[in-house]
Amino acid sequence: MEYNKTLNLPKTKFPMKANLPQKELQIQKVWNELKLYDLIQEKNKNKRKFILHDGPPYANGNIHIGHALNKILKDIIVKYKSMSDFSVPFVPGWDCHGLPIEFQLFKKLGISKNEIERVKFRRKAAEYALKFVKVQREEFKRLGIFADWENPYLTIAHSYESGTIRVFKELVKKGYIYRGLKPVYWCLSCETALAEAEVEYMDHSSPSVFVKFALTEESLSLLGKEKFTFLPSVLIWTTTPWTLPANQALCFHPEFDYAVTHCEVSSDKEDVLIVAKDLLPSLMDKIGVKKYKIIKVLKGKELTGIKCRHPFLEKISVGVVDNFVSLEEGTGVVHIAPGHGQEDYAVGLRNNLPIYSPVDEKGKFTKEVELFSGRNVWECNSEIVEKIKELGNLLYTEEIVHSYPHCWRCKNPVIFRSTEQWFMQVDKNNLRHIVFAESGKVNWIPSAGEKRMKAMVENRPDWCLSRQRYWGIPIPVFYCQGCNEPLLSEEAIEKVEQLFGKEGSDSWFIRKPEEILSPEIKCQKCGKKIFRKEEDILDVWFDSAASSEAVLKENDFLSWPADLYLEGSDQHRGWFQVSLLISCALQNKAPFRSVLTHGFVVDGEGKKMSKSLGNVIAPQEIIKDYGADILRLWVSSENYSEDIRLSDEIVSQSVDTYRRIRNTIRYLSANLSDFNVEQKVPYEELEEIDKWALHKLQKLIGDVICGYQEYQFHRVYKLIHNFCAVELSSFYLDVLKDRLYTFSADSGERKSAQTVMFDILLNIVKLLAPVLSHTCEEVWPYLFQKEKSVFLSDFPLENKESENNGLEEKWEKILKVKGIVTRALEKARGAKIVGNSLEAKIEIYTADADWYQFLQENKNVWTTVFIVSQVNFFNREGSSDAYSDGNLLPLKIVVSFALGKKCVRCWNYSECVWEDSSHPQLCQRCLKVVQNMVSNA
RNA sequence: GGGCCUAUAGCUCAGUUAGUUAGAGCGCACCCCUGAUAAGGGUGAGGUCCUCCGUGCAAAUCGGAGUAGGCCCA
């Protein structure tokens with residue numbers, strides 16, 4: 001007789017080999033057909049809401065690993081919350097406007113801004129963005145992300161654009177919006193503003209000049225009581241002499257030492273110069289001074305407020321301090337023209353200097369600079385140098401070649417030129433303080449986010465909202481054709497808001513002002529009724545900053561504020577900050593209760609991923625080779641609060657972990673092929689070890705829930721993996737084999753094991769579903785549940801009634817004994833005494849009365865727990881050659897080959913009577929089982 | 001250059017209020033099994049807790065400096 005046919009061996013159709021890349025597609029197809037996302041919403045519609053507001057990724061290009069990480073983290077939360085008593089509508093979003101798209105498209109079309117009509121271009125840009133929305137949507141769906149994919153929010157949707165204008169309107173109403181000057185890159189030949197991405201750095205030859213700014217009489221006292229034979233001068237260095245007419249200040253570093261130095265410039269010329277002390281030797285060498293003497297040394301901050309004469313104009317330049325001043329080159333004093341440089345502009349703002357820029361759009365000096373009026377700034381460079389020399393304020397000049405920004409189209413050098421821009425005032429209505437206070441109420445995860453946000457808000461300048469671009473939401477402002485006064489009226493903007501809601505923002509460039517405005521409206525200043533439209537568009541950050549207003553407020557099934565924003569840590573500066581700013585301006589309140597940030601994906605060495613380093617790993621590759629669940633498992637395994645590493649080694653670790661979990665699930669299900677829920681054994685009747693396993697399961701459930709609630713998914717990952725590998729595979733399931741396989745199929749003992757295995761399987765599948773979504777859905781049909789999907793089931797709750805801490809303590813001790821026995825067995829295996837552990841007979845010796853009693857009390861479990869054929873124990877000290885485990889346990893173990901005969905069915909050895917003539921190779925236990933089967937057959 | 005963050009075994013992570021010999025799982029090596037089989041079990045080897053200095057009776061843990069890396073600015 002083939003006795004293995006009488007065994008209850010595992011049986012399942014659930015494949016060992018996952019073949020995820022294919023299998024996942026089938027599962028996703030089923031999800032689609034079920035309309036699972038809708039079913040989940042329907043199921044949870046009356047529960048309390050949890051709003052995770054999606055930060056819109058930029059709709060250009062395929063998704064990269066950072067996108068995958070971000071959306072998977074969100075998805076884990078959405079799924080966990082959806083299964084745990086929350087209604088979690090998740091509306092994905094895309095950022096569709098902005099320079100990167102515009103830039104890419106112009107490149108693709110091979111043309112520049114002036115070579116295409118604006119509306120025509122905008123239609124192409126919209127098409128381009130929508131194409132990538134579709135691409136990314138498919139890629140996100142391929143990751144197994146659940147969301148309202150059919151109804152995402154797009155920043156180019158009419159309703160969204162209208163919502164953005166509404167936000168602008170509210171800001172105008174509350175007085176946040178003003179017009180001011182700001183320097184931007186400007187191409188003189190194209191007569192246009194350029195974005196940073198549109199300038200290229202190329203070598204350029206410029207005059208390098210060292211120029212004196214003489215102190216005024218009144219400032220001499222700042223230098224102390226010294227009498228000077230020569231009027232001291234502050235020495236600056238610049239490579240853009242043409243910006244000198246716009247000079248407003250001289251900037252010192254507050255902490256640097258500045259030397260007031262007497263120099264013999266030449267045999268007949270002497271000077272007193274103020275420069276950074278550390279630069280003195282190289283500087284004197286450069287300008288050819290052989291003899292010099294330091295008269296006095298001052299800290300930069302002591303020079304604050306010093307007044308100097310302009311080197312060739314009748315005006316005063318004032319001393320200011322700033323940390324950006326460096327000792328790399330020059331004199332340690334920086335000439336500041338706030339209208340002609342970014343750094344200068346920032347210094348200007350901090351010191352309330354005029355943003356002065358007397359240069360027109362063709363790059364010619366305006367009438368304000370009489371000397372050079374109407375002349376091109378480049379042409380004037382040399383004349384300015386001549387003029388300074390003439391007045392004796394030039395100490396040194398040479399031509400230098402350096403890297404300088406050029407226009408990407410016409411390749412000419414560009415300048416910084418101030419133009420009128422729209423701003424949002426950060427200090428209006430106490431906004432900065434409100435933002436600060438609201439930040440303090442937000443739950444930042446990790447908590448350092450609060451510090452980072454506050455530091456940023458504290459220092460940020462007003463927000464420049466204007467962009468001289470094509471692809472964005474227009475700034476809804478009209479100008480009087482008569483007096484050029486901007487029309488900043490709530491009523492007018494509301495017309496635009498309504499128009500965009502109907503026709504979208506392209507209509508701004510199609511409709512005439514009179515088609516938009518009501519006929520009664522007139523200029524508040526001069527009363528004229530003819531207007532022109534603003535050409536500039538809004539900074540793309542304004543679009544996304546409006547999302548909580550344009551999405552959460554506009555949809556009844558959502559709510560405001562959001563419970564959670566979850567993005568990369570770069571968004572402290574980006575989306576979080578601008579959203580906070582807008583929300584506090586409009587609502588005096590943060591738009592989010594919690595903000596969770598994750599780090600960036602870096603390679604195995606912790607270096608950033610870049611094409612040039614060749615260490616980029618694409619999510620598409622991982623999906624193709626291993627499947628989305630592997631990627632999801634990797635996401636869950638990493639502590640995302642820091643940098644997140646990814647390498648081939650790390651992926652293969654996820655693959656290994658996946659296999660272990662999958663096999664454990666498969667094995668559990670394979671042993672449940674003849675089990676159904678009606679056969680469940682009541683708790684009281686369970687075998688003790690089964691109660692122990694149930695206890696462990698409940699603890700696991702509690703810990704895993706804790707992990708999910710605190711968004712610590714790597715804890716979830718570790719807990720479940722350890723449970724599968726340690727509690728289940730290496731112990732419980734291994735020990736159970738004898739009972740499952742050899743006991744009669746319907747025996748209470750076997751059903752007891754199956755009852756618990758079923759519980760374990762069902763719960764593990766649910767616990768893992770937010771992470772291994774496809775795999776858990778794949779096993780779901782093997783669990784005969786009423787729900788059509790694991791995601792329509794309820795998340796487990798920790799059942800404390802199935803817990804028994806006393807039992808756990810006792811089994812901990814039993815496991816310790818198993819530990820020493822397996823070590824003894826391993827030694828015996830090495831000595832070729834036994835191979836398979838069932839070939840072993842174990843003798844345990846202990847002189848310790850308590851331990852002996854413990855062994856005695858549990859005498860029924862030992863063979864099972866050790867998976868050996870025989871166990872004897874003795875209340876006496878074992879011989880010296882018996883195995884002992886240091887002094888960890890007062891036990892000594894002797895391993896010998898088991899006594900008696902091996903039963904061919906259960907492989908246990910026994911000395912029982914082998915009497916049955918028809919089954920002479922069966923032990924008594926198996927004999928009964930087999931006889932039973934035969935009589936039942 | 002500035003703000004924020006990180007550094008524990010080959011990998012992913014623990015390590016509480018400073019308190020025995022710094023832990024887990026995986027991987028690796030070796031062994032067993034062949035009734036979870038492109039599986040399963042066992043044993044074992046792996047650590048300058050990034051470096052240096054300091055404070056403590058005592059430091060992975062607290063303080064300072066540095067190195068390497070990340071994000072954001074400049």
Side-chain angles (χ1 to χ4, degrees), chain A residues 3-5 7-12 14-17 253 322-328 342-343 346 446 448-456 458-460 568-574 577 597-609 633-634 636-639 641-645 647-657 659-660 662-671 712 714-715 717-726 728-731 733-735 737-738 740-742 818-819 821-830 832 834-839 867 905-907:
Chain A
Y3 289 113
N4 60 354
K5 297 249 166 76
L7 293 168
N8 315 299
L9 293 179
K11 200 173 105 192
T12 182
F14 186 76
M16 172 176 279
K17 190 169 183 305
H253 191 288
D322 214 287
N323 288 325
F324 90 97
V325 176
S326 85
L327 294 173
E328 300 259 306
Q342 279 179 324
E343 204 102 61
E450 181 176 350
K451 220 195 290 180
R452 195 168 167 176
M453 179 60 68
K454 284 183 169 173
M456 234 139 35
E458 204 162 25
N459 297 315
R460 75 152 297 152
S569 59
D570 57 332
Q571 297 304 328
H572 283 112
R573 177 80 197 179
Q577 194 203 187
T597 50
H598 55 78
F600 276 64
V601 181
V602 294
D603 73 7
E605 268 75 55
K607 299 249 167 64
K608 79 154 90 180
M609 287 190 174
L633 193 61
W634 163 73
S636 80
S637 74
E638 298 268 342
N639 179 355
S641 66
E642 305 157 13
D643 301 332
I644 303 137
R645 293 185 182 215
S647 62
D648 291 344
E649 185 185 9
I650 293 169
V651 172
S652 83
Q653 183 174 3
S654 284
V655 173
D656 285 338
T657 304
R659 268 208 290 266
R660 166 50 62 116
R662 184 180 177 91
N663 253 313
T664 306
I665 287 175
R666 176 173 182 268
Y667 184 73
L668 286 165
S669 113
N671 281 288
Q712 302 259 318
H714 66 279
R715 260 169 60 198
Y717 164 89
K718 199 176 168 180
L719 282 163
I720 297 181
H721 181 223
N722 274 18
F723 188 71
C724 288
V726 182
L728 295 183
S729 266
S730 89
F731 177 62
L733 297 180
D734 205 25
V735 161
K737 282 172 189 165
D738 184 63
L740 288 166
Y741 300 170
T742 70
K818 181 176 163 86
V821 169
T822 52
R823 279 185 288 276
L825 269 169
E826 185 63 19
K827 213 178 157 199
R829 199 172 281 132
K832 304 286 177 201
V834 292
N836 185 327
S837 63
L838 282 175
E839 289 168 5
I867 319 183
R905 186 169 175 275
C906 72
W907 296 346

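Chain letters run A, B, ... following the sequence lines, proteins first, then strands; residues in each count from 1. Both backbone and side-chain heavy atoms feed into the values below; hydrogens, waters and symmetry mates do not. None of these values were measured; they are calculated from a predicted model.
- Atom C1' of nucleotide G27(B) and atom CH2 of Trp634(A) are separated by 19 Å, given to the nearest angstrom.
- Side-chain contact between Val651(A) and Trp634(A) is absent, with no heavy-atom pair separated by less than 4.5 Å.
- Residue-level contact check: Gly830(A) touches neither bases nor backbone, having no heavy atom under 4.0 Å from any strand.
- Taking a centre distance below 5.5 Å and an interplanar angle below 30 degrees as the stacking criterion, Trp907(A) stacks against the six-membered base ring of G35(B).
- Between Lys607(A) atom NZ and U67(B) atom C1' the separation is 13 Å, expressed in whole Å.
- Backbone-only contact: Glu642(A) has heavy atoms under 4.0 Å from sugar-phosphate atoms and none from a base.
- Note on Lys718(A): a base of the nucleic acid sits closer than 4.0 angstrom, heavy atoms only.
- Nucleic acid contact class of Ile650(A) (heavy atoms, under 4.0 Å, all strands): sugar-phosphate only.
- At U43(B), one or more side-chain N or O atoms of Thr822(A) fall inside 4.0 Å of OP1 or OP2 (strictly under the cut-off).
- Looking at Leu733(A) and Thr664(A), their side chains come closer than 4.5 Å, going by heavy atoms from C-beta outward.
- If you take CG of Asp322(A) and C1' of G1(B), they are 12 Å apart, rounded to a whole angstrom.
- Note on His714(A): only backbone sugar-phosphate atoms sit closer than 4.0 angstrom, heavy atoms only; bases stay farther off.
- Pairing of G63(B), defined by two Watson-Crick or G-U wobble distances under 3.5 Å, is identified with C53(B).
- Between C71(B), A38(B), A74(B), one nucleotide has an atom nearer to the side chain of Glu343(A) than all others, and that is A74(B).
- The side chain of Ser641(A) places no N or O atom within less than 4.0 Å of a non-bridging phosphate oxygen (OP1 or OP2) of U6(B).
- In terms of modelled atom types and a separation under 3.5 Å, the side chain of Asp643(A) and the main chain of Gly599(A) share no donor-acceptor contact.
- Across every strand in view, U37(B) sits unpaired, with no contact that passes the Watson-Crick or G-U test at under 3.5 angstrom.
- Taking 4.0 angstrom as the limit, Arg660(A) places a side-chain polar atom (N or O) nearer than this to OP1 or OP2 of G41(B).
- Within 4.0 Å (heavy atoms only), Ala670(A) reaches no atom of the nucleic acid at all.
- In G35(B) the base sits anti relative to the sugar, since the glycosidic angle is further than 90° from 0.
- For Asn639(A), whose side chain is taken as the heavy atoms from C-beta onward, the closest listed nucleotide among G35(B), A74(B), C13(B) is C13(B).
- Distances shown here put a side-chain N or O of Lys832(A) below 4.0 Å from the OP1 or OP2 atom of C32(B).
- Using a 4.0 Å heavy-atom cutoff across all strands shown, Val834(A) reaches no nucleic acid atom at all.
- Remark: the Arg452(A) side chain and the C71(B) base include a donor-acceptor N/O pair separated by less than 3.5 Å.
- As judged by a 4.0 angstrom heavy-atom cut-off over every strand, Gln342(A) is placed among residues making no nucleic acid contact.
- A salt bridge between Glu826(A) and Arg829(A) is present, with a side-chain N of the basic residue lying under 4.0 Å from a carboxylate O of the acidic one.
- Listed pair His721(A) / A24(B) fails the phosphate criterion, with no side-chain N or O lying under 4.0 Å from OP1 or OP2.
- For the pair Met453(A)/Gln577(A), a side-chain contact is recorded, criterion being any heavy-atom separation below 4.5 Å from C-beta on.
- Look at G69(B): its Watson-Crick or wobble partner, with both distances under 3.5 angstrom, is C5(B).
- The pair Asp570(A)-Arg573(A) does not meet the salt-bridge criterion, since no charged nitrogen lies less than 4.0 angstrom from a carboxylate oxygen.
- Counting only heavy atoms from C-beta outward, the side chains of Asp734(A) and Ser729(A) never approach each other to under 4.5 Å.
- For Lys737(A), a side-chain nitrogen or oxygen approaches OP1 or OP2 of A36(B) to under 4.0 Å.
- When rounded to the nearest whole Å, the span between CZ of Arg829(A) and P of C33(B) equals 8 Å.
- Searching all strands for a Watson-Crick or G-U wobble partner of G47(B) with both distances below 3.5 Å returns nothing.
- OP1 or OP2 of C26(B) has not a single side-chain nitrogen or oxygen of Tyr717(A) nearer than 4.0 Å.
- Residue contacts shown for Asn663(A) include a base, since a base heavy atom lies under 4.0 Å away.
- Note on Arg715(A): nothing from the nucleic acid sits closer than 4.0 angstrom, heavy atoms only.
- When the C1' atom of C33(B) is taken as reference, atom CD of Glu826(A) falls 12 Å away, rounded to whole Å.
- For Arg666(A), a side-chain nitrogen or oxygen approaches OP1 or OP2 of U37(B) to under 4.0 Å.
- Backbone-only engagement by Glu638(A) is indicated by non-hydrogen atom pairs under 4.0 Å involving sugar-phosphate atoms exclusively.
- Atom-to-atom, CG of Leu733(A) to P of G35(B) comes out at 18 Å; the value is rounded to the nearest Å.
- Pair assignment for G10(B) gives C26(B), based on Watson-Crick or G-U wobble hydrogen-bonding distances that are each under 3.5 Å.
- With rounding to whole Å, Tyr667(A) atom OH is found 15 Å from A38(B) atom P.
- Heavy atoms of Arg905(A) sit under 4.0 angstrom from at least one base atom.
- With hydrogens and angles ignored, a donor-acceptor pair under 3.5 angstrom links the side chain of Ser729(A) to the base of A36(B).
- The phosphate of A39(B) (OP1 or OP2) has no side-chain N or O of Lys17(A) nearer than 4.0 angstrom.
- Listed nucleotides C73(B), C5(B), G10(B) differ in distance to Arg573(A); the shortest reach to its side chain belongs to C73(B).
- Of all the heavy atoms in Asp603(A) and Arg645(A), the pair that sits closest is O-CG, 3.6 Å.
- Within 90° of 0 lies the glycosidic angle of G56(B), which makes this nucleotide syn.
- In this structure, Thr657(A) reaches neither bases nor backbone, as no heavy-atom distance under 4.0 Å exists between it and the strands shown.
- For Phe600(A) and C72(B), the CZ to C1' distance is 9 Å, given to the nearest whole Å.
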Could you go through Leu728(A) and Tyr667(A), starting from their C-alpha distance and side-chain angles, then the distance that decides it, and tell me whether this counts as side-chain contact (heavy atoms from CB on, under 4.5 Å)? CA-CA 10 Å; Leu728(A) 295 183; Tyr667(A) 184 73; over 6 Å; no
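- Counting non-hydrogen atoms under 4.0 angstrom, Gly599(A) reaches nothing in the nucleic acid.
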